[in-house]
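These notes are about the structure you will find just below.
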Amino acid sequence: MNKYLNQSSKQYFAFNIWSIESAKAVIDGCANYGNDALLQTSMKAYGKLDKKELRQFVTSYSAKRGIKGYLHLDHCKEMSAIKEAIDFGWDSVMIDASDRPLYQNIEQTNHVVDYAHERGVLVEAEIGQINGETGVASYEDVCLFAEQTDVDLLAVAIGTAHGLYHGTPILDFDLLERVIGSVQTPLVIHGGTGLEDDVFLKLLRYEQVKKINISTDVKMSYREAIRKAMEDELFQIEGFDPLKVVDYIQTEIRTMVEYKQELLKRGIVHE
Ligand code: 13P
């Protein structure tokens, strides 16, 4: 049941993937540091993926690399998709009812928790919206939510946002510390792309911060790889080799993942 929360001190960067290839690059990056891999599927990617194939690949390739590979369903609002992901062997699911009034968020989360826990699956929920806009959750709401639900992971809005930041985000560390002082639930930070290294290291100093989500950076690595491949004239018709382009993509994503593993190593102060 504890899945990737089984070691109290373990912290993760969770990377969004959209294909077997992107999953492989992330697993390689984590495995090169001896860390388990936490892979997330957005609802958009989840809808397009062959779930059985991805599950089998993540399990078998991670085992081959000597680590565990976990699958997480990111930002889901539909119970049917949550049930399906659980059936396909996803290790954790996120019920995102953060756009609903608090009591509805609590109600829906509890519904998912009941279903998922019976099947040994972890549940993440969100409080305060973390979409394209930076914003912060209400401390009182977070406390009430944690008290009235049995979620395994709680994404609390502290000023991060999904996507690329325009300017430097200001994170509400006071709120984070107040929450940590009152609530035991492991915490998740969304919107990891674009945060400075010292911000990551500061976040990782809090043992209760278990998971930091990275999505845009994975996509940007993919984009950068193609840009480099074009710059290196790999797209000439004569002698075009898709395998070389794939190599660029794998290397770029893996290097970004490794950089984050390096931060994890530097951030470990709890062991
Ligand atoms: P970024 O796209 O900003 O990295 O955010 C990822 C995320 O939080 C996914 O849930």
Side-chain angles (χ1 to χ4, degrees), residues 3-5 7 10-75 85 88-94 122 124 153 162-163 188-195 197 200 203-204 209-226 228-229 243 245-268:
K3 304 247 182 204
Y4 50 84
L5 295 179
Q7 293 172 37
K10 196 141 194 181
Q11 295 170 299
Y12 295 86
F13 281 98
F15 300 94
N16 282 60
I17 51 101
W18 56 86
S19 63
I20 299 275
E21 272 177 2
S22 53
K24 182 174 184 292
V26 170
I27 292 169
D28 279 334
C30 294
N32 290 347
Y33 277 74
N35 291 335
D36 293 339
L38 187 41
L39 308 156
Q40 310 195 133
T41 49
S42 69
M43 281 304 288
K44 203 162 126 192
Y46 177 82
K48 286 187 182 291
L49 280 161
D50 183 320
K51 287 97 176 144
K52 192 173 167 199
E53 187 190 35
L54 180 69
R55 177 69 271 179
Q56 284 173 350
F57 174 78
V58 168
T59 303
S60 63
Y61 189 66
S62 301
K64 187 174 157 189
R65 292 295 327 260
I67 61 164
K68 287 213 162 62
Y70 297 106
L71 274 169
H72 172 80
L73 184 67
D74 201 18
H75 290 284
F88 275 112
W90 262 234
D91 299 283
S92 53
V93 292
M94 177 182 187
L122 299 173
E124 176 181 336
L153 292 146
H162 296 138
V188 181
I189 304 294
H190 282 243
T193 299
L195 298 181
D197 287 359
F200 283 126
L203 287 168
L204 291 168
V209 173
K210 290 291 176 190
K211 175 170 168 282
I212 302 178
N213 289 359
I214 306 286
S215 174
T216 306
D217 252 347
V218 191
K219 291 186 258 186
M220 289 300 126
S221 301
Y222 181 93
R223 182 183 178 278
E224 178 60 10
I226 293 174
K228 280 185 183 165
L243 283 175
V245 180
V246 170
D247 264 355
Y248 271 56
I249 293 169
Q250 296 299 100
T251 303
E252 199 71 26
I253 296 178
R254 195 186 62 239
T255 305
M256 183 276 295
V257 171
E258 284 172 349
Y259 191 82
K260 295 290 186 281
Q261 305 310 300
E262 192 63 46
L263 285 176
L264 279 181
K265 206 159 99 179
R266 283 170 59 193
I268 289 173

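Every heavy atom of this structure was used, including side-chain atoms; hydrogens, water molecules and symmetry mates were not.
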With sequence neighbours left out, write down each residue that passes salt bridge (Lys or Arg N to Asp or Glu O under 4.0 Å) with K24, or none if nothing qualifies. D28

Rounded distance [0.5 Å steps], CG in L153 versus OH in Y4: 5.0 Å

Kindly write out the residues that satisfy salt bridge (Lys or Arg N to Asp or Glu O under 4.0 Å) with K228, not counting sequence neighbours, or none if the list is empty. E252

May I have the step-by-step check of side chain to side chain contact (heavy atoms under 4.5 Å, CB included) for I249 and E21, ending in yes or no? CA-CA 9 Å; I249 293 169; E21 272 177 2; 5.7 Å; no

To the nearest 0.5 Å, what is the distance between NE2 (H190) and CD (E124)? 4.0 Å

Specify the closest pair of heavy atoms between M256 and S221, including all atoms of both residues, with the distance to one decimal. CB-OG, 3.6 Å

If you take all heavy atoms of S22 and I17, which pair is closest and at what distance? OG-CB, 3.5 Å

To check you understand the geometry: which heavy-atom pair defines the closest contact between A23 and L39, and what is its length? O-CD2, 4.2 Å

Charged N-O contact under 4.0 Å between R65 and D36: no

Across all chains, not counting sequence neighbours, the side-chain contact (heavy atoms from CB on, under 4.5 Å) partners of A25 are Q250, I253

I'd like to know if the side chain of Q11 and the backbone of L204 have a donor-acceptor N/O pair within less than 3.5 Å. yes

Hey, mind stepping through R55 and D91 against side chain to side chain contact (heavy atoms under 4.5 Å, CB included) and telling me if it holds? CA-CA 10 Å; R55 177 69 271 179; D91 299 283; 2.8 Å; yes

Can you check side chain to side chain contact (heavy atoms under 4.5 Å, CB included) on L54 and I20, steps first, answer last? CA-CA 6 Å; L54 180 69; I20 299 275; 4.3 Å; yes

Determine whether I214 and F200 make a side-chain contact, defined as any pair of heavy atoms from C-beta on separated by less than 4.5 Å. yes

From CD1 (I189) to CG (N213), nearest 0.5 Å: 9.0 Å

If you look only at pairs with a residue in residues 33-56, which of them pass as a ring pair (Phe, Tyr, Trp, His ring centres under 6.0 Å), with sequence neighbours excluded? Y46-W90

Do you know the tightest heavy-atom contact between G191 and H162? N-CD2, 3.9 Å

The criterion is ring pair (Phe, Tyr, Trp, His ring centres under 6.0 Å); which residues satisfy it with Y248, sequence neighbours excluded? none

Please tell me if the side chains of N32 and R254 come closer than 4.5 Å, counting only heavy atoms from C-beta onward. yes

Could you give the distance from CG (L264) to CD1 (I212), rounded to the nearest 0.5 Å? 7.5 Å

Atom NZ in K211, atom CE in M94: separation rounded to 0.5 Å? 7.0 Å

Apply side-chain contact (heavy atoms from CB on, under 4.5 Å) to T255 and list each qualifying residue two or more places apart in sequence or on a separate chain. T251

Which heavy atom of W18 sits nearest to which heavy atom of L49, and what is that distance? O-CD2, 3.4 Å

Under the rule for salt bridge (Lys or Arg N to Asp or Glu O under 4.0 Å), what residues qualify as partners of E262, not counting sequence neighbours? none

Contacts of F57 that satisfy ring pair (Phe, Tyr, Trp, His ring centres under 6.0 Å) - sequence neighbours left out: Y61

Can you name the residues that form a side-chain contact (heavy atoms from CB on, under 4.5 Å) with A37, not counting sequence neighbours? I27, C30, I67

Can you list everything that forms a salt bridge (Lys or Arg N to Asp or Glu O under 4.0 Å) with D217? Sequence neighbours excluded, please. K260

Sequence neighbours excluded, the answer for side-chain contact (heavy atoms from CB on, under 4.5 Å) partners of S42 is N16, K44, A45

Mind checking whether L5 and K10 have side chains closer than 4.5 Å, heavy atoms only? no

Sequence-distant partners of F15, ring pair (Phe, Tyr, Trp, His ring centres under 6.0 Å), two or more places apart: none

